[in-house]
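The residues of the chain are indexed from 1 along the displayed sequence.
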Amino acid sequence: MDIEIAKFLTSSAGLELLNETCNSDKNAFNLATYLRTKTTPEFAAAISTIIDLRKKGLKKFRKAEKMLFTRSGLEQASAEEISNYRAKRFKAAGITKIADLCCGIGGDSISYAQHLEVTGIDLDPGRLLLAKHNTNIYSVRNNFNTINSDITQFPLNDMDIEAFFIDPARRTANGKRLFHPESWSPKLSEIENILDNKLANAGIKCAPGIDYLNIPNNAEIEFISFNGELRECVLWFGSLKTGVNRQATLLPSGDTLYGENPEIKTGKIKDYIYEPDSAVMRAGLVELLGSIICAEKISETICFLTSDKRITTPFAKCYKVESIFDYKEKELKNKLKEADCKTVNIIKRGVGGDIPTLMKKLKLKGSRHLTLILTRNFEKKVGIIASPV
């Protein structure tokens, strides 16, 4: 981030102008015009951007209306509840002092500094100014100090810390996602070099779609979902490991699933069908869940489970099966009409086709809201009309 813009945004004049205009009822054009009468075009554009990002930031931060963001920083930031969860893991491991490498705008540092002494290190001095402001908004500034440096060159061994956390940049300057770990900044191999020294206690945030082949062998893997949406993967090392290989964590409940997968049967679809949480699926723990709730798979390659009993579990959505039929698109409308369906939530897994296109063809006129599951039982394409339990 441009350092002069960062200095302006964190200055009393910049913050005063932000507070004045944040809740303005002016449209975008009139607001931009007004801002240009108050400051330079560059600063006016920065203020407009912050106003927009604060609104979006409310989905992740409860105090977003007072925070300062960069667009990429907000996009990559974890939801506050996830950072809080990670902070408690550091604390439970007995860690008291950590380095937040590539701390950016300080999203994670805010949570960590509520429990620990935190040193935020980042290559961008502008982002560090924003991080200082944001930690101050949460009243944890006294537990947060900053260092402007390239973490791949900084002598971390000389620091008075016990562990580190890093969320490497996984987007290009124009916002494009970078999926391969060696295209991140810093690269995963560079982070592993840091792990090779005495700083072996660490957490590394990764995109949840990371290829298992790219994960270091000595890492404990945790997939985290928030309100049912898969949000991130964290690799844990050293004393932060809990002794499990893979773990699925559901937030905000905090429920966790881990263990070895047993063999479970594949059977015909029964009275109830279960859709495992996204973290459970990504962690590859569907069979473990199936054994816990006494359910069978419906296919060797599809992550649905089925049972003749209704079992309550936080790790899966449960649906009561109303009808099962051979999946032929031209018959779907008749089947849904027979079920008196007005609106439908379509879940597709293991079959092709486009959901929006299919929705347009249905033209439903009934009175009920139902779920339509299009999938395979063994290798046979089937449609399942069901209702959420």
Side-chain angles (χ1 to χ4, degrees), residues 1 6-7 9-12 14-16 18-19 22 50 53-54 56-70 72-149 151 154 156 159-169 199 201-205 224 226 231-232 234 236 239-240 251-252 254:
M1 183 178 193
K7 287 179 179 178
L9 291 173
T10 54
S11 69
S12 57
L15 292 172
E16 183 178 342
L18 260 172
N19 292 335
C22 237
I50 295 296
L53 294 178
R54 281 181 170 180
K56 295 178 179 178
L58 287 170
K59 295 180 179 179
K60 293 186 176 183
F61 297 95
R62 56 190 170 88
K63 295 187 178 183
E65 74 281 356
K66 296 181 179 180
M67 294 173 67
L68 299 175
F69 301 102
T70 63
S72 61
L74 178 58
E75 287 173 347
Q76 187 162 317
S78 298
E80 194 172 325
E81 292 88 343
I82 299 177
S83 296
N84 288 342
Y85 165 77
R86 284 197 251 98
K88 292 174 182 176
R89 181 154 179 163
F90 279 100
K91 185 178 180 180
I95 303 298
T96 60
K97 299 178 181 180
I98 73 166
D100 185 2
L101 309 183
C102 304
C103 68
I105 61 171
D108 290 312
S109 294
I110 289 170
S111 294
Y112 298 156
Q114 294 175 32
H115 305 275
L116 316 164
E117 292 182 33
V118 183
T119 300
I121 305 178
D122 200 280
L123 185 61
D124 188 331
R127 287 198 295 256
L128 288 177
L129 286 178
L130 271 54
K132 290 178 182 178
H133 170 86
N134 292 334
T135 52
N136 190 54
I137 292 298
Y138 279 80
S139 302
V140 293
R141 181 71 182 85
N142 290 340
N143 288 339
F144 179 68
N145 62 83
T146 62
I147 297 174
N148 179 206
S149 178
I151 64 129
F154 190 79
L156 294 170
M159 294 181 65
D160 181 21
I161 59 171
E162 300 156 348
F164 72 84
F165 177 80
I166 183 168
D167 181 5
L199 295 175
N201 302 323
I204 303 174
K205 177 183 168 182
I224 299 174
F226 182 59
R231 290 293 188 89
E232 63 186 56
V234 184
W236 297 106
S239 64
L240 294 158
L251 296 179

Quiz item: Can you name the nearest heavy-atom pair linking Cys22 to Arg54, along with the distance?
Solution: SG-NH1, 3.2 Å

Quiz prompt | Check: Phe165 ring centroid to Trp236 ring centroid under 6.0 Å | solution = no

Quiz item: Is a side-chain donor-acceptor pair under 3.5 Å present for Ser78 with Lys205?
Solution: yes

Quiz item: For the side chain of Asp167 and the backbone of Cys102, is there at least one donor-acceptor N/O pair under 3.5 Å apart?
Solution: no

Quiz item: Can Leu156 and Ile121 be said to form a side-chain contact (heavy atoms from CB on, under 4.5 Å), step by step?
Solution: CA-CA 10 Å; Leu156 294 170; Ile121 305 178; 3.8 Å; yes

Self-check item: Residues Met1, Leu130; criterion side-chain contact (heavy atoms from CB on, under 4.5 Å); working and verdict
Solution: CA-CA 10 Å; Met1 183 178 193; Leu130 271 54; 3.6 Å; yes

Quiz item: Side chains of Val118 and Val140: does their closest heavy-atom pair fall under 4.5 Å?
Solution: no

Quiz item: With a 4.0 Å cut-off, would you call Arg86 and Glu232 a salt bridge?
Solution: yes

Exercise. State, to 0.1 Å, how close Ser111 and Glu80 come at their nearest heavy-atom pair, and which atoms those are.
Key: OG-O, 3.8 Å

Quiz prompt | Separation between CG of Asn84 and OH of Tyr112, rounded to the nearest 0.5 Å | solution = 9.5 Å

Quiz item: Are the side chains of Leu116 and Asn143 in touch, meaning some heavy atoms are under 4.5 Å apart?
Solution: no

Exercise. Report the distance from atom CG of Leu123 to atom CG of Leu101, rounding to the nearest 0.5 Å.
Key: 12.5 Å

Self-check item: Gly104 to Asp122 - nearest heavy-atom pair and separation
Solution: N-OD2, 2.9 Å

Self-check item: pair Asn145-Thr119: side-chain heavy atoms closer than 4.5 Å
Solution: yes

Quiz item: Between Phe90 and Glu162, is a side-chain contact (heavy atoms from CB on, under 4.5 Å) present by the stated rule, with each step listed?
Solution: CA-CA 10 Å; Phe90 279 100; Glu162 300 156 348; over 6 Å; no

Quiz prompt | Pairwise distance NE2(His133) to CD1(Ile105) - rounded to 0.5 angstrom | solution = 10.5 Å

Quiz item: Between Phe61 and Leu74, is any pair of side-chain heavy atoms under 4.5 Å apart?
Solution: yes

Self-check item: Cys103 side chain reached by Leu128 side chain, heavy atoms, under 4.5 Å
Solution: yes

Quiz prompt | Inter-residue atom distance Ile50.CD1 - Leu15.CG, 0.5 Å rounding | solution = 10.0 Å

Practice problem: State, with a plain yes or no, whether a side-chain heavy atom of Ile98 is found less than 4.5 Å away from one of Glu117. | Solution: no

Quiz item: What pair of heavy atoms forms the shortest contact from Ile161 to Ala99, and how long is it?
Solution: CD1-CB, 3.6 Å

Quiz prompt | Side-chain donor or acceptor of Asp108 paired with backbone N/O of Ser83 under 3.5 Å | solution = no

Quiz item: Would Lys63 and Ile110 satisfy side-chain contact (heavy atoms from CB on, under 4.5 Å), going step by step from the backbone distance to the final call?
Solution: CA-CA 11 Å; Lys63 295 187 178 183; Ile110 289 170; over 6 Å; no

Quiz item: If every non-hydrogen atom of Arg62 is compared with every non-hydrogen atom of Tyr138, which pair is closest and at what distance?
Solution: N-OH, 3.5 Å

Quiz prompt | Minimal non-hydrogen separation, Arg231 against Ala79, with atom names | solution = NH1-CB, 3.8 Å

Quiz item: Around atom NZ of Lys66, are there more than 12 heavy atoms of other residues, nucleotides or ligands at under 6.0 Å?
Solution: no

Exercise. State, with a plain yes or no, whether a side-chain heavy atom of Phe69 is found less than 4.5 Å away from one of Lys60.
Key: no

Self-check item: Approximate separation, where rounding is to 0.5 Å, of Ile204 CD1 and Leu240 CG
Solution: 11.0 Å

Quiz item: Measuring from Ile82:CD1 to Leu251:CG, what's the distance to the nearest 0.5 Å?
Solution: 6.0 Å

